[in-house]
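Read the structure below first, then the notes.
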Amino acid sequence: MTGTLHIIGAGMAGLAAAVEAAGSGPRIIVHEAGRACGGRARSYMDRQLGCRIDNGNHLLLSANKTVFRYLGLTGALDTLTGPHAPLFPFVDLAEDARWTLNLSRGRMPWWVFQPHRRVPDMRLPDLRSLYRLMNADENETVADCLLPGALARRLLEPFAISALNTLTDTGSAALLGAVIRESLSLGGAACIPWFAKDGLSETLVDPALKHLQDMNVEVRTQSRITGVEEARGRITTLHTPEEDIILGPDDSIIMAVPAPVAHTLLANKIAGITAPTEFESILNLHFRLDERPIPQGSFAQCGFMGVIGGVTEWVFLRENILSVTVSAANRYADQNQDDLARTIWQEVCRACDAVLEQPLPAAPAAQRVVWEKRATFAATPEQNRLRCGPATPLVNLALAGDWTNTGLPATLEGAMRSGVQAVHTLGIKHPR
């Protein structure tokens, strides 16, 4: 393929598309409306905390093949850290219980027969929930498939909320089942957790931008596409505040923007394009301490901890920063942020003090609340049906983004998979 490939959006979907297409023939230009690339997976200097933080926390599983391929192509595999084993420390604040889920590496789930490796108080019949999720139809919710018991409350419910960013009573069982088929059902070797050692930008963005520069891909920040023109079944013009970009007959576009932006740009241009209309937020809190906490046990080995029985869901420790993630956070939108932050800090102290050499202080030295109001589409059965695939009726336009129909919820894996699929939809093949 010759001509120019215009990729609109430099979030994870857009960057994955650019990395996939780099070196395949066409000239590539990436247009990013903001000052920085990475979308919801980037790092920045926070003046209030006086340090660099991520705008969210992302836990990768070894099953995320598209993400790891991307990291391999960009030379960023050595920027990850984790326990190098399928270990997941948990604390149940409601019942004052602690355990470390230790999955068997092979597909045979020997861990369920060993009490010290499994969820406490779970019963073997509880595993039927997994079968029901993996075989759920498109109308079922996660709650429809979960059997009462410790496995559901202490593992499957928090896993569902994290994966879907949607509560279990409305979340799509089919989407969660797809995640389980690609991870837990394959055994512990597919469930080894990894996260960015230094920061999301240092892992997901900066190496990609360096790779794209080396591959002569042009990345334009503060390059906002304000509209498009269509004629004879193809996009002919991209509008920006400064100029109109006229497309040649061999030029093509990947629109890797959030669903509302795609709808705005394509309204009245393409019939039959649908996108989710309801969204869920994610709440992240970053607590800076004067001294670096010294973790012990599996918390030290993993660097993170799952928390149930409270508002807090995941705690990550990086140097002197404790970061908390709360998914499906629309339910807390009406609460006072200061009160919510105090509640979460108290939960962090309860969760962490028992696995630190010294207890945490009564209050952190500084804190930052980062609330992504429209972090993902609401992963309900109804909203899932509104997702469209990468192909469009216009021969030179493909869609990408975690909201498109990848078969997965709005995860990093889903976002990157959408970018790769968009490239292939246009007939562009990555050079081998």
Using the rule given for side-chain contact (heavy atoms from CB on, under 4.5 Å), can you reason through Val326 versus Ile282, listing the C-alpha separation, both sets of side-chain angles and the distance that settles it, and then say yes or no?
CA-CA 6 Å; Val326 180; Ile282 294 178; over 6 Å; no

With Asp402, the salt bridge (Lys or Arg N to Asp or Glu O under 4.0 Å) member among Arg387, Arg40, Arg417
Arg40

Under 6.0 Å from the CZ atom of Arg224, do we count more than 12 heavy atoms belonging to anything else shown?
no

Test: Arg153 and Asp92 ion pair at under 4.0 Å:
yes

Parallel, tilted or perpendicular, as decided by the 30° and 60° cut-offs, for the rings of His31 and His6:
parallel

Are the side chain of Thr404 and the backbone of Pro390 linked by a donor-acceptor contact shorter than 3.5 Å?
no

Are the side chain of Arg117 and the backbone N or O of Asn102 linked by a donor-acceptor pair below 3.5 Å?
yes

Using side-chain hydrogen bond (donor to acceptor under 3.5 Å, both in side chains), reason through Asn165 and Thr376 one step at a time and then give a plain yes or no.
CA-CA 7 Å; Asn165 193 35; Thr376 70; 2.9 Å; yes

Check whether Glu280 reaches the backbone of Ser327 with its side chain - one donor and one acceptor, N or O, closer than 3.5 Å.
no

What do the steps show when you test Phe299 against Leu356 for side-chain contact (heavy atoms from CB on, under 4.5 Å), and what is the final call?
CA-CA 9 Å; Phe299 188 33; Leu356 296 175; 4.1 Å; yes

Under a 3.5 Å distance rule, please check whether Glu32 uses its side chain to pair with a backbone N or O of Ala10 as donor and acceptor.
yes

Parallel, tilted or perpendicular, judged at 30° and 60°: which one describes the rings of Phe304 and Phe195?
perpendicular

Flag if over 12 foreign heavy atoms under 6.0 Å of NZ, Lys210
no

Under 3.5 Å, is there a donor-acceptor pair between the side chain of Glu347 and the main chain of Thr312?
yes

Is a donor on one side and an acceptor on the other found under 3.5 Å between the side chain of Ser62 and the backbone of Ala190?
yes

Would Asn330 and Phe279 satisfy side-chain contact (heavy atoms from CB on, under 4.5 Å), going step by step from the backbone distance to the final call?
CA-CA 9 Å; Asn330 286 2; Phe279 301 89; over 6 Å; no

Is the backbone N or O of Asp137 less than 3.5 Å from a side-chain atom of Glu140, with the two atoms forming a donor-acceptor pair by type?
yes

I'd like to know if the side chain of Ser298 reaches the main chain of Gln301, judged simply by a donor and an acceptor atom lying under 3.5 Å from each other, with no hydrogens or angles considered.
no

